[in-house]
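My questions all concern the structure below.
Below, chains carry the letters A, B, ... as their sequence lines are ordered, and counting in each starts from 1.
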Amino acid sequence: MKRVVITGAGTINALGLTVPATLAAMREGVCGIGPLEFRDVERLSIRIGGQVKGFDADTRYTRQQISLYDRFTQFTLAAAAEAIAQSGLTFSGALAEKSGVVLGTAGGGVSTWDDNYRAVYEEGKNRVHPFVVPKLMNNAAASHVSMEYNLRGPSFTVSTACASSNHAMAQAFAMIRSGMAPAMVTGGSESMLCFGGVKAWEGLRVMSRDACRPFSANRNGMVQGEGAGIFVFEEYEHARARGAEILCEVAGFAMSSDASDIVMPSRDGAARAMAGALEDAQINPQDVGYINAHGTGTAANDRTECAAVQDVFGPHAQKLMISSTKSMHGHLIGGTGAVELLACIMALRDGVIAPTIGYQQPDPDCALDVVPNETRDAKVSVVLTNTFAFGGMNAVIALRRV
Amino acid sequence: MQIESQVIEIIAQQAMLDPADVTPDSTLSELGIDSMGVVESIFAIEETFDISVSFNANQPDASDFDISSVASIVAGIQRLKAEQG
């Protein structure tokens, strides 16, 4: 079994258009959630989100590229450029043949669907742009990354709703650990902040109209975000031999399926995923210093997640820190695990624990150290990052300081 | 009374019961309607009566629209219709 490390990170999200900007915002407890700005927003009852602002696609990409890049692909390519530049890798020869890209997204090109349905249904047009299909397909982002960086190995897209990124990164990790690939580009992206995307979510009646307040007794739902998180995962000896900067080690992972309900989370499924990740990484529960929570800010998730943490960690649950950065960047759905991995890297590498902002009232059902409102300096050597999806599909990754 | 029979129709369908088995006093929880069923019922009520019901599944008790029983739903609809004028 090979060891796997992270040698590059990139992101676009509501907190920043780079990793340093995002980590600085997380450290400062900045809230990236604000009024949504897009066509027909006045017809929505939910009008806030973690929308990416100041991302100028027209200066980043050519007109021809934009005709093929949905917003989720634009975010992915921008984040991939940052991650791959940081890694210092150039994919050619045998490295390129074996290295691939595995990404997560729940919705793919949602705004492309939205724009073109509007054109044919509302505006009555009988013609759409010839590239609608290759623009909206869920694997478009992974495909463009493979083309841009000559990644010729195993490449595909994973879609498990809110757990997509973690499932994707777990696959990339498994491929390197098994010796199948020397390096993988992985992570995920999402861009559902358009009229149709938010309208669909509104119907579920789980969205907050004012703020995402994970673990707070007065929480009233989730707030959607958008963006991408992309990483270079690399075999440890490969990274060491070329003197690459190692951000942290990916130590293990586990996936579980609740096999119970299409939307309600399960304490047992969440606990099995966390316990499984510890077992896979051969980590003692008491060595875990921080958990980046799924922490959506819904009544059901936060209560269930805290109970599951209690089940897995016993008395140590009261000693570890657990925070939800969704309070700052919103819920990136299929991209959320990837952006939240940045908070894990910050914890391991910099000893800085991102807070759960917007926290106002203790909830007896969430009686853990949720790092309320204020960033914490703390040296941690092992962290977990949780994702629990609609459909009951869970993926938890364990990371270790190197 | 027409509102009441329409509400009974919606709730009976959601609970997979005969409308005759649903009365004004019936509560959604005793009819076995879960949280997803509540959300779906509200959607049906909004569509049927052309109203907008404020309801957040995270704070089911915070709404000023009492969704707990057939009678309370009927009262809520009458109030919203009256507000519409």
Side-chain angles (χ1 to χ4, degrees), chain A residues 42-48 198-224 258 260-266 294-306 324 326-327 330-331 358-361 363 365-366 390-392, chain B residues 6-7 9-17 26-70 72-85:
Chain A
E42 65 283 355
R43 287 180 56 205
L44 294 168
S45 63
I46 304 299
R47 295 180 194 170
I48 59 165
V198 177
K199 182 54 84 179
W201 276 98
E202 219 177 73
L204 266 172
R205 310 261 183 171
V206 295
M207 309 280 286
S208 171
R209 288 169 195 240
D210 52 7
C212 176
R213 305 186 189 284
F215 311 117
S216 191
N218 62 341
R219 66 188 179 277
N220 59 8
M222 52 177 279
V223 174
Q224 217 180 125
D258 301 342
S260 61
D261 192 278
I262 198 69
V263 291
M264 290 305 284
S266 146
H294 192 52
T296 55
T298 61
N301 174 84
D302 296 1
R303 187 193 309 128
T304 307
E305 183 168 13
C306 290
S324 170
K326 286 187 178 73
S327 54
H331 191 338
Y359 185 86
Q360 293 177 328
Q361 287 175 24
D363 178 350
D365 286 336
C366 304
F390 273 0
Chain B
Q6 284 173 291
V7 170
E9 186 80 25
I10 289 166
I11 298 304
Q13 194 177 29
Q14 195 59 239
M16 290 184 287
L17 293 170
S26 300
T27 69
L28 273 62
S29 61
E30 77 193 18
L31 295 175
I33 297 176
D34 65 6
S35 59
M36 277 180 90
V38 168
V39 169
E40 234 189 324
S41 303
I42 292 171
F43 170 69
I45 289 162
E46 288 181 320
E47 287 287 287
T48 304
F49 299 100
D50 191 24
I51 53 174
S52 210
V53 175
S54 125
F55 179 81
N56 180 335
N58 295 290
Q59 298 173 307
D61 303 327
S63 172
D64 56 2
F65 190 99
D66 181 356
I67 190 82
S68 58
S69 73
V70 170
S72 71
I73 292 170
V74 171
I77 293 166
Q78 283 166 337
R79 180 174 56 81
L80 286 175
K81 292 302 279 184
E83 282 169 15
Q84 270 180 358

- prompt: Between V206(A) and A57(B), what is the shortest heavy-atom contact and its length?
  reply: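 Answer, listing the atom of V206(A) first, then A57(B): CG1-CB, 4.3 Å.
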field: Which portion of I262(A) sits near chain B, non-hydrogen atoms under 4.5 angstrom
entry: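 Only the side chain of I262(A) comes within 4.5 Å of chain B.
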message: More than 12 heavy atoms of other residues, nucleotides or ligands under 6.0 Å from CZ of F65(B): yes or no?
response: yes
Can you list every donor-acceptor pair under 3.5 Å that links chain A to chain B?
residue, atom, partner, partner atom, Å
R205(A), O, A57(B), N, 2.7
R205(A), NH1, V53(B), O, 2.6
R205(A), NH2, E46(B), OE1, 2.7
R205(A), NH2, E46(B), OE2, 2.8
V206(A), O, N58(B), ND2, 3.1
N220(A), O, N56(B), ND2, 2.7
N220(A), O, N58(B), ND2, 3.4
A299(A), N, N58(B), OD1, 2.7

query: With only heavy atoms counted, which part of M264(A) is less than 4.5 Å from chain B, the side chain, the backbone, both or neither?
result: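 Contact with chain B involves the side chain of M264(A) alone.
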